[in-house]
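See below for the structure under consideration.
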Amino acid sequence: MRRALTFGLIGSIVAWHLSLVGLVAAFAERWLIGQSLTFSYVVLLALILLVGYLTARRVSDWTGLAGAALAGLVVGLALWILALIVTEVNLRDAFVAASPSLAQILTFDRGVSVPSLAILLLIGAATGLIGGGIAWIPATGRRIVIGALSVTVLVGLLRDVLGPVLPPFLMRFLFSPGGGLSLPGAVIVLGLAIAIPVMRSGLRMQRVRQKGVLPARVLRRRRLALRALGVVFFVSFPLWAKLFLSNVADFVGLYILMGLGLNLVLGFAGLLDLGYVAFFAIGAYSMAVLTSPELGAFTLGFWTALPIAVAITVFSGILIGLPVLRMRGDYLAIATLGFGEIVRLLVLSDWLKPHLGGAQGVTRIARPVLGPFVIDRPQEYYYLILIGCGLGWFLSVRLRDSRIGRAWMAIREDEDVAQAMGINRVTAKLLAFATGASMGGLSGALFASLVNSVIPQSFSLLVSINVVALLVLGGIGSLPGVLVGALALVGLPELLREFQEYRLLVYGAVLIAMMIFRPAGLWPEETRVRELEEAAEEARETARTGVVAASQDGV
Amino acid sequence: MLLEARKVTKRFGGVVALSDLDLQVEEQTIHSIIGPNGAGKTTFFNCVTGFLVPDEGEILLDSQPITGLRPDQIARLGIARTYQTIRLFRFLTVLDNVLIGLHPHVHYGILDAVIRSRRYHRSERAAAREARELLRYLGLAGKEFVVANNLSYGDQRRLEIARALALRPRLLLLDEPTAGMNPYETGQMITLIRRLRDERGMTILLIEHDMKVVMNISDLVTVLDFGEKIAEGKPAEVQANPLVIEAYLGRGAASGLGTIAAQAPRDESMPNASS
Amino acid sequence: MVIAWAIGSLLLLLVLVGSYRTLAAGHYTGGQWFDFVVFGLAQGGIYALIALGYTMVYGVLRMINFAHGEVFMSGAFSAFFLANALARRGFLASNPVLSLLVLMAFAALVSMTIAVILERVAYRPLRGAPRLVPLITAVGASFFLQYTFRGLFGSGVRVYPTVPLLEGAIFGIQTKLIVVFLGALATLGILWAFLTFTRTGLAIRAVAEDMEAAALMGVDVNRAISSTFAVGGAMAGVAGVLYALVFAQVQFFMGFLPGIKAFTSAVLGGIGNLPGAALGGLVLGLVESVGPSLFLDGLGIPAAHQLKDVIAFTILVLILIFRPTGILGERLGSRV
Ligand SMILES: Nc1ncnc2c1ncn2[C@@H]1O[C@H](COP(=O)(O)OP(=O)(O)O)[C@@H](O)[C@H]1O
Ligand SMILES: [Mg+2]
């Protein structure tokens, strides 16, 4: 009972927060299924589901379900009260989102009335109950259900994106003309999203039962097939994806490249660089200065400028790295942040304007030329970026599985002991910094050429935060994690325009939530899982007792 | 003389952790350092390995001064250590732990790593072989892919030694290697330390609280108290030295030196009294 | 390290040359320098108040509360609405002193609440985790708070109502700067008294000194940590109102720069060291105000004031490189 009220109250606060920051209203136009369910409602329903789930979790009898329903009811009530307040009191001077239209959304256009209250309470309780029910499904089933629901929502959201890609007859069938999935479409997507993983796990069980474990040969063949499929997918992407998608893919790619670079620094060597944007900026500005006729300093071609730009970035990485690498971890983070800001302020200044273009930036940056062929469309840049990412990935893997990677990991785990093992921490860290910088620089140089101009605003702290956040989401130190993180944090918001406004709000929430609940990320590397789970466990323990574990003796 | 400390002094604020300490370690011997808790034993290890720089005095390895060198440089000169409280790379596998110890002996550059040259493959294979051999030597064969954190306490201690041995040191510093071990494990550790000297020709500097171990295996014993050397000699001589007995007795517990401690709890400031 | 020292010496040389040439050129009058100094002190007082929050939290938890700048922002921002209401009723004009006190109390309360919630929700579950984990969380919290405020109150700049009393000048010094500086000093005094004479203050200091020992002595560590955040938050709230008096506007992003600068102040004075944080704040405020004209003008750099943040960040980086223990020495208890 108390538990239910507590969760209901927390849920209510979150619901109020979502409504008042304008997120609910922003999604009111985004139809998900026919013209009956908007993404606004999906967000609120998901919240209530979660509240119900959390309430019923670890309570094994019917009181769990009752509690879940009660908690959902509380959230429903809170939403109605919010609608009431918004209608009765004019808060718009302060709260920009507290408009009558918010009340309309919250009350399903019925106004603040008894019927709308009844509806809200009913929906709250029912959804809470369903959420509680989800808690009762065994873990594998739960994962499938949650996954399928998310996939359905995602497909519904991405209607405009899929539009140009899917064959028209399929589009007509799956989606309703006004927006969102059609009802049969939703059912089919949901059904598929449930059936496929169920079948797969069934197949695996069967195979395992027949032969024990899968033989290595089968596994290898399957891995090869998967890789081939991946290659085909990535290479053919611009052919079927249209302009808009290619554009988005380019940006995701640039962030993947940066993510790979920062991953070397943060994931492998354990150095939190909050000023990673500096390398992106230096790469971009090098490209600009070296090629743009505007500044007139140099007018090199793209291919000549590219290696020089990367070399300059590596050099600056060493220059920035040398002084900061001796600092303790958190100081390093702030010092690098300082460097990042210094770089931005310098390129912005009038002082360096003759050389770097000042606030207006630099335009007319060189395009890559291949024989008679000029690369200037996003679909073409895509391949350049793809090659860059491939290179970054390859380099990461090769370095990780070498003595260099081991040295980085040793430093990450225990710097003192690493030194006692004969590892020179300065060279090892510098190497991480320089390699990481090179990828940032490459990304920056490609970016400058792609958008054909650079302006200081593109190189704010937010870029650094972006990259850190995508690493955290995917799993710090994990290469596939970089991909997942970039797709989710860069790709999704690009696709969903309404999301842009709330991007950083979501980043912030992601950073907090991931660190607390899933420090290893969505797609973690094995080592980090162990480490972070352990640390989280310990932390929970100390938080309970309020005492930090005794520090070590010696050194 | 493999290692020589000359008038080494180290202060922490007002605390004099080491004062004018002279110490000489002969090649291929087991040299123990004993003394009450806080006597400065670990501090001495930290000075030798370069984590602390002595305020005064110098330390020589093979008559070459090593004071002021970085820890990694000293490690490469052939000094390896273990820690009083185990400090493994807890979340890496057993094999990786040892491979990291081999770091100075795996020679290839970034380019080799990136293109996986023949040199890379050769070095990595050799390293893996050596690491497995070490693990076998320490009785950890078959646990290569276990995460260090999941090993038993005794195994963790052994792994720490394996990792230290991977450096191919000439001088091995062991900081209370039997702390927290049961009598059986302690016995095994004694055998191991002896074998390191006899089979591998290693020199061992040992901090130890368990008097049974000390008396059993030391060639020479140095006694520290408040950072000063108060006695040195063969185990039997030290055992009989009234100064030593007083240093221990002075701490208020009624116990004698040389009594056999079945098990020395970790934070015991003195050798256990029994019987 | 050699390179670092070389860079450091070079910068010092540039500063000296720049200062000499500026003074020799006589670009600025004595009165102008005086204005720079006064403004710097007022600004420094604000930095000092925010810096205390950083330094206290670092002293207790060894963590950089990156979101502290947003705690400051939230106080300033919330007080804006109250100030507006007061101004509309004419209360701000008729009872300026009382109004200001009320505003500060309100901002302190809001900031305090947010700081405490922040600690409870975002940091406490991570206590004892590796250092970078709470730092990343704090960065997340910082952005979460910023964009929550943006979502709630919009992204535009809101202009604070003016307080007629503060518009004049005393002895040629703007009244509001005097009030801000004295207000900061008074708040520092209150903090000092609080930490010295109250039980809670004692508990905070005990936990900062040695958390384990404090726990063994029966100090409720969780409560002490909450109090630390509360006190730090309150100071940041007061700083928010003072800031608004000087700059007369609030915006959701306003916490970022003062936050970083206050952190710089804390490190400058020696992290964990309370008088150090106050001193560091004043020094940074002064350097930032006087610096661009003094150091950079002489070097022939145009629009030198654009680079005032560069100066602050450079100081931050230099201090972290060359003297991470700060001017007065860091004071961290017996851990690390
Ligand atoms: N890093 C340090 N900082 C301050 N004091 C230290 C440090 N390391 C050791 N000490 C002090 O030096 C003295 C010797 O400690 P230590 O060498 O650890 O003793 P032992 O290993 O013999 O038990 C103790 O008083 C201890 O508190
Ligand atoms: Mg010791």
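Here is the naming used below: chain letters follow the sequence lines, and residue numbers restart at 1 for every chain. No hydrogens, no waters, no symmetry mates; every other heavy atom, side chains included, goes into these values.
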Hey, are the side chains of A:Ile334 and C:Phe66 touching, using non-hydrogen atoms and a 4.5 Å cut-off?
yes
Which of A:Ile465, A:Val468, A:Leu346 touches chain C most, by non-hydrogen pairs under 4.5 Å
A:Ile465
C:Tyr54 side chain to C:Gly259 main-chain N or O, any donor-acceptor pair under 3.5 Å?
yes
Relative to chain C, which segment of A:Leu337 carries a heavy atom at a distance below 4.5 Å: side chain, backbone, both, or neither?
side chain
Pick whichever of A:Val506, A:Leu345, A:Val324 has the most heavy-atom pairs under 4.5 Å with chain C.
A:Leu345
Any side-chain to backbone donor/acceptor pair from A:Ser19 onto A:Ala15? Under 3.5 Å, distance only.
yes
What part of C:Leu152 gets within 4.5 angstrom of chain A, counting heavy atoms only: side chain, backbone, both, or neither?
both
Which region of A:Ile512, side chain (C-beta onward) or backbone (N, CA, C, O), has a non-hydrogen atom less than 4.5 Å from a non-hydrogen atom of chain C, or is it both or neither?
both
Which one wins on heavy-atom pair count under 4.5 Å against chain C: A:Ala26, A:Gly22, A:Ser349?
A:Ser349
Looking only at heavy atoms, what is the nearest atom pair of C:Val60 and C:Ile204, with distance?
CG2-O, 4.3 Å
Out of A:Leu511, A:Ile342, A:Leu20, A:Leu504, which one racks up the most heavy-atom pairs below 4.5 Å with chain C?
A:Leu504
For chain C, which of A:Gly338, A:Ala333, A:Gly270 has the most heavy-atom pairs under 4.5 Å?
A:Gly338
Parallel, tilted or perpendicular: which describes the rings of A:Phe27 and A:Tyr502, with under 30° parallel and over 60° perpendicular?
tilted
For the side chain of C:Arg62 and the backbone of C:Gly59, is there at least one donor-acceptor N/O pair under 3.5 Å apart?
yes
Please flag which part of C:Ser155 lies under 4.5 Å from any non-hydrogen atom of chain A: side chain, backbone, both or neither.
neither
By a 4.5 Å heavy-atom criterion (distance strictly below it), what part of C:Ile136 contacts chain A: side chain, backbone, both, or neither?
both
Could you grab the distance from atom CD1 of C:Ile315 to atom CG of C:Leu268, nearest 0.5 Å is fine?
7.0 Å
Heavy-atom cut-off 4.5 Å, strictly under: side chain, backbone, both or neither for C:Phe80 against chain A?
neither
At a 4.5 Å cut-off on heavy atoms, which part of C:Phe153 comes close to chain A: side chain, backbone, both, or neither?
both
What residue among C:Phe253, C:Phe144, C:Phe77 forms side-chain contact (heavy atoms from CB on, under 4.5 Å) with C:Phe149?
C:Phe77
